Amino acid sequence: MTATKEVAYEIVMTSDIFDPDNPELGKMPGGGVSGGTRLVALDEDIERLFGGRIRRYFTINGIAVEYMVLAGGDEHKTIDAVLEVSSRLNRIGTHRVSTPPIGIGGGVLQDVVGMAASLYRRGIPYVRVPTTLLGQIDGAVGAKTGVNFEGARNRLGTFAPPPRTLIDRSLIATLPERQLRSGLGEVLKMALIKDARLFELLEQHGPHLVADRLQDSGALPGSPQPGLEVIRRAISGMAEELQKNLWETDLQRIVDFGHTFSPLVEMRALPELQHGEAVAMGCVYSAVLAANRGLLDTGQRDRIIDVTRRLGLACSHPGFADADLMKQALADTVQHRNGHQHLTLPTAVGETVFVDDITGTELEIASSYMADLLAWTTNADPATEAASAPPAGGLR
Ligand SMILES: NC(=O)c1ccc[n+]([C@@H]2O[C@H](COP(=O)([O-])OP(=O)(O)OC[C@H]3O[C@@H](n4cnc5c(N)ncnc54)[C@H](O)[C@@H]3O)[C@@H](O)[C@H]2O)c1
Ligand SMILES: [Zn+2]
């Protein structure tokens with residue numbers, strides 16, 4: 001037999017989400033009223049920063065909820081956390097449809113709560129409110145949930161898009177600068193694979209975007225708002241790519257750019273590296289591979305390295321300088337992509353090709369470049385590091 005299920009889910013941009021007069025947070029997906037108590041899962045930092053306002057919101061609006069607080073950070077993205085959420089759903093008597101839980105937090109909380117919701121009673125609707133830049137421009141757009149398992153990133157997980165996602169840009173104003181930069185790593189990926197204008201925005205406004213947390217503070221109505229444009233372009237670029245391949249039946253995905261070599265480094269380095277930091281390095285590594293193959297102009301490679309630095313992101317890490325680790329990472333990815341490399345390489349800013357024949361020798365040469373980049377970064381004056389590309393002559 002065959003059966004088809006169409007999915008539709010909404011991503012709503014809103015502001016002042018915890019203002020009791022803003023109905024968005026309390027709305028049921030698809031309308032209607034709640035049939036009982038809903039679980040509100042809060043990231044621990046969200047609890048600390050907004051816990052009082054969130055409680056006030058639900059109290060004033062007369063919505064019956066119970067709260068639970070979960071730790072952020074990838075080391076907490078575990079099956080135990082999923083079971084803990086499932087247990088709370090059970091204890092408060094969550095219904096099949098009419099009491100959808102709400103997850104307010106970063107990508108880790110969304111992955112955990114989403115996975116619990118997708119398993120509970122074989123799947124219940126939920127609402128996600130991402131509170132990190134990474135969560136807003138990436139996880140929030142897609143359909144995937146998951147947890148790390150036995151040292152592998154997202155080894156257990158499900159496809160379960162929630163019917164409703166709410167995005168309030170002002171929530172990321174409280175992010176630590178490092179977190180914000182990490183999110184920009186994923187924005188950089190999006191720019192490199194398909195959006196030259198987005199790359200130019202990062203190139204022109206990088207340090208300002210970081211310092212201002214993409215809030216466009218001080219911008220007058222009608223004046224350019226690079227923060228808003230960056231978020232909008234990143235979300236719509238992601239949505240466009242995912243819409244045509246939501247279930248990943250096509251394993252050639254340009255959105256996996258920067259995610260071939262980085263997962264293993266990220267997992268090995270936990271909790272030293274944040275996701276977007278590792279992705280940015282993965283983008284640089286791919287640019288290096290592409291330049292070494294003659295697919296990408298070396299000037300463009302250096303431009304990519306320069307913009308990465310302007311965002312305050314490191315370009316290299318000992319993991320990327322370790323050719324054996326890179327070979328293992330590629331082998332892991334080939335398994336994940338069903339026997340193919342399907343490696344996205346940049347040919348220009350905003351343009352890519354897929355290759356399937358990267359050799360061990362190419363990885364060794366690229367890793368050696370990453371080692372030089374690392375040495376250069378380590379020796380560079382941090383004050384000037386963000387402003388210039390590495391000396392071309394000193395690098396292979
Ligand atoms: N399912 C998907 O499609 C998808 C896509 C992208 C990323 N992810 C996953 O997301 C995770 C990374 O997400 P992340 O970077 O948001 O990590 P995270 O959820 O751990 O959040 C990072 C840190 O920021 C804190 N925080 C959250 N919101 C805050 C706020 N508004 N102000 C201050 N601090 C805040 C958290 O407590 C945490 O310490 C990875 O596990 C990655 O695999 C999933
Ligand atoms: Zn990612």
Side-chain angles (χ1 to χ4, degrees), residues 9 11 17-18 41-51 53-54 69-78 81 103-115 117-118 128-149 152-162 165 167-190 193 213-215 234-235 238-239 241-242 246-248 253-263 266-267 270-271 273-283:
Y9 55 97
I11 300 169
I17 190 165
F18 303 138
L42 304 173
D43 172 280
E44 60 190 352
D45 281 338
I46 293 302
E47 163 74 351
R48 181 173 54 78
L49 293 161
F50 304 105
R53 291 189 63 197
I54 293 171
V69 177
L70 294 169
D74 246 87
E75 61 276 31
H76 300 291
K77 212 172 89 164
T78 60
I104 311 178
V108 164
L109 179 133
Q110 299 306 335
D111 274 356
V112 166
V113 172
M115 184 159 164
S118 74
R128 64 186 164 190
V129 183
T131 59
T132 58
L133 177 58
L134 193 83
Q136 294 194 345
I137 57 124
D138 188 339
V141 190
K144 293 194 278 194
T145 81
V147 293
N148 304 325
F149 185 63
R153 270 179 56 74
N154 299 323
R155 184 53 51 87
L156 300 180
T158 56
F159 282 93
T165 297
I167 296 192
D168 179 348
R169 177 170 56 126
S170 72
L171 292 180
I172 63 173
T174 52
L175 279 185
E177 188 169 303
R178 182 170 172 202
Q179 251 299 310
L180 202 277
R181 287 182 171 150
S182 168
L184 285 173
E186 203 81 53
V187 175
L188 174 70
K189 171 203 83 177
M190 188 53 69
I193 55 178
R213 306 285 195 281
L214 277 72
Q215 298 302 302
I235 291 178
M238 191 63 161
E241 285 308 308
L242 295 187
L246 192 67
W247 313 116
E248 299 184 16
R253 298 175 0 113
I254 59 168
V255 288
D256 283 340
F257 179 62
H259 289 67
T260 299
F261 301 98
S262 63
E266 192 183 342
M267 286 309 289
L270 262 183
L273 277 183
Q274 298 192 358
H275 179 66
E277 292 173 339
V279 169
M281 294 170 189
C283 293

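Treat the numbers as computed from the prediction; the structure is a model and nothing was measured. Residue numbers run from 1 in the order of the sequence given. For ligands, and for the atoms within them, numbers begin at 1 and follow the listed sequence.
- Selection from D111, L180, I137, T174 by nearest heavy atom to atom 8 (N) of ligand 1 gives D111.
- Ligand 1 lies out of reach of G142, whose nearest heavy atom is not under 4.0 Å from it.
- Looking at E44 next to ligand 1, no N or O pair under 3.5 Å apart turns up.
- Under a 3.5 Å cut-off, the side chain of K77 and the backbone N or O of D111 do not form any donor-acceptor pair.
- Distance from atom 22 (C) of ligand 1 to its nearest protein heavy atom, with residue and atom name: Q179 NE2, 3.1 Å.
- Considering H275, M238, R153 only, the shortest heavy-atom separation from atom 43 (O) of ligand 1 involves R153.
- In terms of polar-atom proximity, T145 is not counted as a contact of ligand 1, lacking any N or O under 3.5 Å from an N or O of the ligand.
- No more than 12 heavy atoms of other residues, nucleotides or ligands shown are found within 6.0 angstrom of CZ on R155.
- A donor-acceptor pair under 3.5 Å is absent between the side-chain atoms of Q274 and the main chain of E266, judged by distance alone.
- Checked by distance only, ligand 1 and G107 come closer than 3.5 Å through their nitrogen or oxygen atoms.
- Where the criterion is an N or O separation shorter than 3.5 Å, residue side chain and backbone included, K77 meets it with respect to ligand 1.
- Residue-to-ligand polar distances keep D138 apart from ligand 1: every N/O pair is separated by 3.5 Å or more.
- Using a 4.0 Å cut-off between a side-chain N of Lys or Arg and a carboxylate O of Asp or Glu, R253 and E241 do not qualify as a salt bridge.
- Checked against a 3.5 angstrom limit, the closest N/O atoms of S182 and ligand 1 fall outside it.
- A salt bridge links R153 with D74: the distance from a Lys NZ or Arg NE/NH1/NH2 to an Asp or Glu carboxylate oxygen falls below 4.0 Å.
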> For V147 and T78, what are the C-alpha separation, side-chain angles and deciding distance, and is it a side-chain contact (heavy atoms from CB on, under 4.5 Å)?
Replying inline: CA-CA 5 Å; V147 293; T78 60; 5.5 Å; no
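- Comparing L171, V112, L242 by heavy-atom distance to atom 31 (N) of ligand 1, the nearest is L171.
- Polar contact check, G139 against ligand 1: no nitrogen or oxygen pair lies under 3.5 Å apart.
- Checked against the Zn ion (ligand 2), the N, O or S atom of E186 at the shortest distance is OE1.
- Using a non-hydrogen distance threshold of 4.0 Å, G105 does not register as a contact of ligand 1.
- R48 meets the salt bridge (charged side-chain N to carboxylate O under 4.0 Å, His left out) test with D45; sequence neighbours excluded.
- At a heavy-atom distance under 4.0 Å, only side-chain atoms of L49, from C-beta outward, approach ligand 1.
- Here the side chain of R128 pairs no donor or acceptor atom with the backbone of I104 at under 3.5 angstrom.
- The part of L134 lying near ligand 1 is the side chain, judged by heavy-atom distances below 4.0 Å.
- Within ligand 1, counting atoms from 1 as listed, the ones closer than 4.0 Å to a heavy atom of T132 are 14 (P), 16 (O), 21 (O), 27 (C), 28 (N).
- With a 4.0 Å cut-off on non-hydrogen atoms, Q110 does not touch ligand 1 at all.
- Atom 29 (C) of ligand 1 has as its closest protein heavy atom L175 CD2, 3.5 Å.
- By the criterion of a heavy-atom distance under 4.0 Å, the side chain of D43, and not its backbone, is placed next to ligand 1.
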> N148 and N154: side-chain contact (heavy atoms from CB on, under 4.5 Å), yes or no, with the steps?
Replying inline: CA-CA 4 Å; N148 304 325; N154 299 323; 3.9 Å; yes
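- Look at E186 and you'll find every heavy atom at least 4.0 Å from all atoms of ligand 1.
- Looking only at heavy atoms of the protein, atom 25 (C) of ligand 1 is closest to D45 OD2, 3.2 Å.
- The backbone N or O of G258 lies less than 3.5 Å from a partner atom in the side chain of S262, making a donor-acceptor pair.
- The shortest N/O to N/O separation between G73 and ligand 1 falls below 3.5 Å.
- For Q136 (side chain) and L134 (main-chain N/O), no donor-acceptor pair under 3.5 Å exists by modelled atom type.
- Between P162 and Y9, the closest heavy-atom pair is O-CB, 3.0 Å.
- When only non-hydrogen protein atoms are considered, atom 28 (N) of ligand 1 lies nearest to T131 OG1, 2.7 Å.
- Remark: minimum distance from atom 41 (O) of ligand 1 to any protein heavy atom is reached at D74 OD1, 2.6 Å.
- Q110 places a side-chain N or O within donor-acceptor distance of the main-chain N or O of G103, the cut-off being under 3.5 Å.
- Nearest protein heavy-atom contact of atom 18 (P) of ligand 1 is V108 CG2, 3.8 Å.
- E186 and H259 form a side-chain donor-acceptor contact under 3.5 Å, judged by distance and modelled atom types alone.
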